[in-house]
Amino acid sequence: MARHLITSALPYINGIKHLGNLVGSQLPADLYARYQRGRGNEVLFLCATDEHGTPAELAAAKTGEAVADYCARMHGVQAELAEGFRLSFDHYGRSSSARNHQLTQHFAGKLAEAGLIEEVSERQVYSNADGRFLPDRYIEGTCPNCGYDRARGDQCENCTKQLDPTDLIDPRSAISGSTDLEVRETKHLFLKQSAMRGQLNDWIDAQTDWPILTTSIAKKWLNDGDGLQDRGITRDLDWGVPVKRGDADWPGMEGKVFYVWFDAPIEYIAAAGEWADAKGLGEADWQRWWRTDEGADDVRYTQFMGKDNVPFHTLGFPTTIMGSGEPWKLVDYIKSFNYLNYDGGQFSTSQGRGVFMDQALEVLPADYWRWWLLSHAPESGDSEFTWENFQQSVNKDLADVLGNFASRVTKFCRSKFGETLPEGGAYGPREEALVADLTARLARYEQLMDAIEVRKAAAELRGIWAAGNEYLQSAAPWSTFKEDPETAAMQVRLGLNLVRLYAVLSQPFIPDAAAKMADAMGGAGAWPEDVAAALSALAPGAPFTVPENLFRKITDEERADWQSRFAGRRG
RNA sequence: GGGCCCGUAGCUCAACGGUCAGAGCAGACCGCUCAUAACGGUUUGGUUGCAGGUUCGAAUCCUGCCGGGCCUACCA
């Protein structure tokens, strides 16, 4: 039995994520986790909220909560939405956990021992009124290049020129508007990624089957300009993991915390510890997933993320893992996604443009969203959500092709034979052909799911559903029944077994509908090893029920209504 | 400025050097009547962004141009 460690990029704690965020990491990760479990493999599927950093502090200040309280509350909100979308995490952790504090400090200590951490003094803008150092983007002023008066300290949004905060004319704090700013000297730790450049480069070069998106971004960072740059891993903030060298204090680093991009990936490991704690398991139980000296040798580790996260996962985190000199499990496959756009533009959190996770579930159940998002996952390029496309796909694929199939076959059987599988009849050439077709399709489906080709796998699954309709149409049990009820019984029995098979195969994409189909057929059973056997799993006499319609259709009125409701400014 | 990705039927996408460039949806026609007016079959539709080049052969490789998107290291 294979063992799969699967992680999704950590959603930032600040606010509710939109569908673009969902389809870029958590949803495909869940698809893969469900599939691997379905195949009978051992899976540990982890995710967590990423809770540190300036935006979290500011969001908490805005609501008047303490940062810790704000994060705890938002973690609850996000966990509930994850549940709503049926994301099957084995554990949904928090980067602010005690586990992560300890591990982050541990890694910093090991990296320091290995000579991979450097102390650097730098000059940063301090706001007296806010009582804090300001990240570049939180300083606003007039652009020296184009005169735009709301340029940010990192870049002018108007003329796109890259800036240094000290370039700005009349700089002010974007938080308070205060102009009482000064440049202060402050000391920070830098991770010497540059020292690992050769090793990282060899490692990336060896990954010939990774998505181009993943390797091209990694190579760009490795080779651009002067090559991979060292990066600061600490910040002058209150909220975060205090800078320590293992258990020991770090002289000169008092009052500073590690920066999110350093501590967030380490939470992938810490989340396994949190999982063990929550399950009442011991250290060995999570270490067998993460320590190659404790049994993780045979683990296959797959990460899912949007393209914006690729540099941290191909360079930063591997530097932490490799540089520690300890036998931690390194990622085997990085699946990255492009962005999902919304109706001709981008999803926008600030403008409330597009559909957010909470709103999506208010409008329709999870399966509708899961199916559309996964069958249109932005794998080869950015893709686009439109309500017309959503309505068409959902109505056709889910309601007509799959839902109606389950409906027609169960209702026909009930009316002609009652609510048990009828007896009699034997397979003919048509049934043999169906078995052969489904055998080939199943093999393709498995191959695509193994390769995490999400859209193609969805198309193949749809083909498997459609094969049921094709069979029924050509077998026509409603006609057969008139002269040859035994043959009709065989055809209907096969049809009902198809519903059961669909429950098993569809579960990774649409878990709720799959559960309904399984319930109606008295249970789903295991992943099919052999199609012919799977199609006779339900024997004559087995009871079944006619399920409620699996999917309803989206009307034109609803589509129009939602289209205007989500055009901007959420409310 | 630099880099990367993309541009294929009305729409969403496949094909990544080799039989007439495919599929789903939409459209048209036919069939079926078990079913959520659902299903099945047939079919219309493309000088593969443009212009050159390499090759026996190019959507696929190269060059240039046009158009769209992303990244560029202190947003995570």
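By convention in this document, chain letters (A, B, ...) are assigned in the order of the sequence lines, proteins followed by strands, and residues within each chain are numbered from 1.
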Visitor: Once you round it to whole Å, what is the distance between P of B:rC74 and OH of A:Tyr138?
Guide: 14 Å
Visitor: On the nucleotide B:rU12, are OP1 or OP2 found under 4.0 Å from the side-chain N or O atoms that A:Arg455 carries?
Guide: no
Visitor: Please tell me which of A:Thr54 and A:Leu222 maps to the more 5' nucleotide of RNA chain B, matching each residue to the nucleotide holding its nearest heavy atom.
Guide: A:Leu222
Visitor: Could you check whether the side chain of A:Glu388 and the base of B:rC25 have a donor-acceptor pair of N or O atoms closer than 3.5 Å, going by distance alone?
Guide: no
Visitor: Please confirm whether the ring centroid of A:Phe481 lies under 6.0 Å from the ring centroid of A:Trp478.
Guide: no
Visitor: Classify the side chain of A:Gln124 versus the base of B:rC74 as yes if they form a donor-acceptor pair under 3.5 Å and no if they do not.
Guide: yes
Visitor: Looking only at atom types and distance, does a side-chain atom of A:Arg493 sit under 3.5 Å from a main-chain N or O of A:Gly424, one as donor and one as acceptor?
Guide: yes
Visitor: What does A:Gly306 touch in the nucleic acid at a heavy-atom separation under 4.0 angstrom: a base, only the sugar-phosphate, or nothing?
Guide: nothing
Visitor: Considering only the P atoms, how many Å lie between B:rC16 and B:rA76, rounded to the nearest integer?
Guide: 41 Å
Visitor: Please list, chain by chain and in numerical order, all residues satisfying side-chain contact (heavy atoms from CB on, under 4.5 Å) with A:Phe317, sequence neighbours excluded.
Guide: A:Pro265, A:Ile266, A:Tyr268, A:Ile269, A:Gln303, A:Thr320, A:Ile321
Visitor: Under the salt bridge (Lys or Arg N to Asp or Glu O under 4.0 Å) rule, what do A:Arg552 and A:Glu558 come out as? Steps first, then yes or no, please.
Guide: CA-CA 12 Å; A:Arg552 70 179 190 81; A:Glu558 286 175 314; 2.8 Å; yes
Visitor: Can you sort out the partners of A:Ala59 under side-chain contact (heavy atoms from CB on, under 4.5 Å), two or more places apart, ordered by chain and number?
Guide: A:Asn14, A:Tyr70
Visitor: Can you list everything that forms a salt bridge (Lys or Arg N to Asp or Glu O under 4.0 Å) with A:Lys411? Sequence neighbours excluded, please.
Guide: none
Visitor: Pick the closest RNA chain B nucleotide for A:Lys220 and for A:Asn341 by heavy atoms, then say which residue is nearer the 5' end.
Guide: A:Lys220
Visitor: Measuring only the C1' atom in each nucleotide, how far is B:rC66 from B:rA23? A whole number of Å is fine.
Guide: 29 Å
Visitor: Roughly how many Å is it from CZ in A:Phe390 to P in B:rG24, rounded to a whole number?
Guide: 22 Å
Visitor: Please state how far atom CD in A:Gln491 lies from atom P in B:rC34, giving the value in whole angstrom units.
Guide: 14 Å
Visitor: So which nucleotide from B:rU12, B:rU72, B:rA76 ends up closest to the side chain of A:Tyr12?
Guide: B:rA76
Visitor: Taking only residues two or more places apart in sequence or in another chain, which ones pass side-chain contact (heavy atoms from CB on, under 4.5 Å) with A:Tyr339?
Guide: A:Lys307, A:Asp308, A:Asp382
Visitor: Given the P atoms of B:rG17 and B:rC6, what is the spacing between them in whole Å?
Guide: 14 Å
Visitor: Among the candidates B:rG24, B:rC74, B:rU72, find the nucleotide nearest to the side-chain atoms of A:Arg462.
Guide: B:rG24
Visitor: When rounded to the nearest Å, what value does the distance between P atoms of B:rU54 and B:rA59 take?
Guide: 16 Å
Visitor: Hey, does A:His376 reach any base, or is it just sugar-phosphate, or nothing, if we go heavy atoms under 4.0 Å?
Guide: sugar-phosphate
Visitor: For B:rA15 versus B:rC56, give the span between their P atoms, rounded off to a whole number of Å.
Guide: 28 Å
Visitor: Can you tell me how far P in B:rG7 sits from the matching atom in B:rA14, rounded to whole Å?
Guide: 8 Å
Visitor: To the nearest 0.5 angstrom, please state how far the CG atom of A:Leu81 sits from the CE atom of A:Met74.
Guide: 8.5 Å
Visitor: Tell me whether A:Asn395 contacts the main-chain N or O of A:Ile554 through its side chain, where contact means a donor paired with an acceptor under 3.5 Å.
Guide: yes
Visitor: Rounded to the Å, how far apart are A:Ile217 CD1 and B:rG69 P?
Guide: 18 Å
Visitor: Considering only B:rA14, B:rA73, B:rC75, which nucleotide approaches the side chain of A:Pro55 most closely?
Guide: B:rC75
Visitor: For nucleotides 35-44 of chain B, give me one character per nucleotide, 5' to 3': B if any protein heavy atom sits under 4.0 Å from the base, S if the only such contacts are to the sugar-phosphate, - if neither.
Guide: BB-SBSS---
Visitor: Whether the side chain of A:Asp236 engages the backbone of A:Lys256 through a donor-acceptor N/O pair (distance < 3.5 Å, no angle test) should be reported.
Guide: no
Visitor: May I ask you to say what A:Lys219 touches in the nucleic acid, namely base, sugar-phosphate or nothing, with a heavy-atom cut-off under 4.0 Å?
Guide: nothing
Visitor: Calculate the interatomic distance between A:Met305 atom CE and B:rC70 atom P; express it in whole Å.
Guide: 20 Å
Visitor: Tell me whether A:Lys335 forms a cation-pi arrangement with A:Phe337, defined as NZ or CZ under 6.0 Å from the six-membered ring centre and within 45 degrees of its axis.
Guide: yes
Visitor: How many Å lie between CZ on A:Phe337 and C1' on B:rC71, as a whole number?
Guide: 19 Å
Visitor: Rounded to the Å, how far apart are A:Phe481 CZ and B:rU33 P?
Guide: 15 Å
Visitor: Using the P atom on both, measure B:rG68 against B:rC62 and round to a whole Å.
Guide: 23 Å
Visitor: CG of A:Leu448 versus C1' of B:rA14: gap in Å, rounded?
Guide: 12 Å
Visitor: Ignoring the backbone of A:Tyr259, work out which of B:rA15, B:rC74, B:rC5 is nearest its side chain.
Guide: B:rC74
Visitor: If we take the C1' atom in both B:rC65 and B:rA26, what is their distance in whole Å?
Guide: 34 Å
Visitor: Do the side-chain N or O atoms of A:Lys456 get closer than 4.0 angstrom to the phosphate oxygens (OP1, OP2) of B:rA23?
Guide: no
Visitor: Determine the contact category for A:Glu379: base if any of its heavy atoms lies under 4.0 Å from a base atom, sugar-phosphate if only primed atoms, P, OP1 or OP2 are that close, otherwise nothing.
Guide: nothing
Visitor: Taking the inter-plane angle between the rings of A:His18 and A:Phe356 on a 0 to 90° scale, is it parallel (under 30°), tilted (30 to 60°) or perpendicular (over 60°)?
Guide: perpendicular
Visitor: B:rC71, OP1 or OP2 - any side-chain N/O from A:Tyr339 closer than 4.0 Å?
Guide: yes
Visitor: Expected output check: what is the dot-bracket annotation of RNA chain B, where ( ) and [ ] are pairs inside the strand (brackets for crossing ones), | is paired with another strand, and pairs are Watson-Crick or G-U under 3.5 Å?
Guide: (((((((..((((....[...)))).(((((.......))))).....(((((..]....))))))))))))....
